[in-house]
Amino acid sequence: MTDSKEEGGQSEIRTDEKKQHFDDIYVEKDPVAFKERIVDALDYISDDFNRQMFDRLILPWCEKEAAKGRTLNFVDLCCCFGNTTLATAHGMNVGEIRENWKDAESCRRAAQPRRLPLRTTGIDISGNALAYGKRAGIFDEVIEADLNNPTAEARASVDRAMGGADLVISTASLVYLELPAIKAVIEPFARAKGEGYLLVNFLNPFALEKADATKRLLLEHFDFVGSMASRHRRMSALEQENYPGEEWALLELWVLRRGNG
Ligand SMILES: C[S@@+](CC[C@H](N)C(=O)[O-])C[C@H]1O[C@@H](n2cnc3c(N)ncnc32)[C@H](O)[C@@H]1O
């Protein structure tokens, strides 16, 4: 593992050392650099696949609950600027997110409304990304937390949000968290009553042993619903050096269900 300190020196972002670091992009004031340097430069297309998974395995249940008049609690864990919330909750494809985030002016508001009655919460280590998501109407609530080392206050807020969630998405992000941190964050969601869904991603070829341990942990707490494999994004020059012969980072997308009554 490699650590890098953000400016100000308070919070730490950890990632596999063979994986490219994008920390400087996640702490920008708006998502324009994210769009230019990740979505455009690396063909970051995985949100189209996350949307497909959501539509196939989660959306039908959400629509049924919405028809009963329910507003569902939706948590985007390690949400960054909220791109996967735009894909799943707003139903936007990668082309539409690109257009929305093309410059400082156009990214000010989410270009499309939510397609479901949801209360959305974004959780991330980047205060700037969260502040943007709230300003733009992507998140109703935000919680700034270093999930690997949360303050007591952050821990309590995260536990409350996860314990009250009906839907949790965590895309391209569990790789940043230590196993005990993943356990701590998912347990309140797993313990809560009622049907609930979790959409998670596992990256290939990075940190495969940790991904295996994460899968085992999740399967202790949730029922497996379905999965698919997809391209995620192109590998950066550094990653292509670390993994010779590989051009694309790949994703496994899993949907899990909490159904403990
Ligand atoms: C690769 S981005 C994923 C963003 C989004 N979910 C997606 O699929 O595009 C990883 C996110 O994890 C956040 N992150 C990294 N370490 C974290 C930590 N210790 N606690 C909370 N968030 C963290 C970063 O700030 C970043 O927004």
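Note that ligands are numbered from 1 as they come in the structure, with each ligand's atoms numbered from 1 the same way. In what follows, residues are counted from 1 in the order of the sequence shown. These numbers come from the heavy atoms of this one structure, side chains and all, not from hydrogens, waters or symmetry mates.
- Only the side chain of T84 comes within contact range of ligand 1, with a heavy atom under 4.0 Å; no backbone atom does.
- Here's the thing with L77: none of its N/O atoms is less than 3.5 angstrom from an N/O atom of ligand 1.
- Checked by distance only, ligand 1 and D146 come closer than 3.5 Å through their nitrogen or oxygen atoms.
- Not close to ligand 1: V175, with no non-hydrogen atom less than 4.0 angstrom away.
- For F22, the heavy-atom gap to ligand 1 stays at 4.0 angstrom or more.
- At a heavy-atom distance under 4.0 Å, only side-chain atoms of L177, from C-beta outward, approach ligand 1.
- Taking any N or O of Y26, backbone or side chain, none lies under 3.5 Å from an N or O belonging to ligand 1.
- Of all atoms in ligand 1, listed by their number and element, those nearer than 4.0 Å to a heavy atom of A172 are 1 (C), 3 (C), 8 (O).
- Residue C78 has at least one nitrogen or oxygen atom sitting less than 3.5 Å from a nitrogen or oxygen atom of ligand 1, judged on distance alone.
- Relative to the ring axis of Y132, K29 does not place its NZ or CZ within 45° and under 6.0 Å from the centre.
- Less than 6.0 angstrom separates the ring centroid of H232 from the ring centroid of Y44.
- Less than 6.0 angstrom separates the ring centroid of F206 from the ring centroid of Y243.
- Here the side chains of R51 and N93 are in contact, with some heavy-atom distance below 4.5 Å.
- Remark: R258 qualifies as a cation-pi partner of F189 under the 6.0 Å distance and 45° angle criteria applied to the six-membered ring.
- Closest approach of V94 and D48 over heavy atoms only: N-OD1, 2.9 Å.
- Cation-pi check for K215 over F202 is met; the charged atom lies under 6.0 angstrom from the ring centroid and within 45 degrees of its normal.
- With no hydrogens or angles considered, a side-chain donor-acceptor pair links S236 and Q20 at under 3.5 Å.
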Exercise for review: Mind running side-chain contact (heavy atoms from CB on, under 4.5 Å) on M92 and N100 for me, showing each step along the way?
Suggested key: CA-CA 10 Å; M92 289 169 69; N100 194 175; 3.5 Å; yes

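- Heavy atoms from both the backbone and the side chain of L147 come within less than 4.0 Å of ligand 1.
- Note on ligand 1: A145 sits in its first shell, one or more heavy atoms being nearer than 4.0 Å.
- For ligand 1, the polar-atom distance check finds an N/O of T171 within less than 3.5 Å of one of the ligand's N/O atoms.
- Below 4.0 Å from some heavy atom of C80 lie the following atoms of ligand 1, by number and element: 4 (C), 27 (O).
- Partner of Y197 under the ring-ring contact (aromatic ring centres under 6.0 Å, His included) criterion, chosen from F222, W61, F54: W61.
- Checked against a 3.5 angstrom limit, the closest N/O atoms of Y44 and ligand 1 fall inside it.
- For D47, no nitrogen or oxygen atom sits less than 3.5 Å from a nitrogen or oxygen atom of ligand 1, counting backbone and side chain alike.
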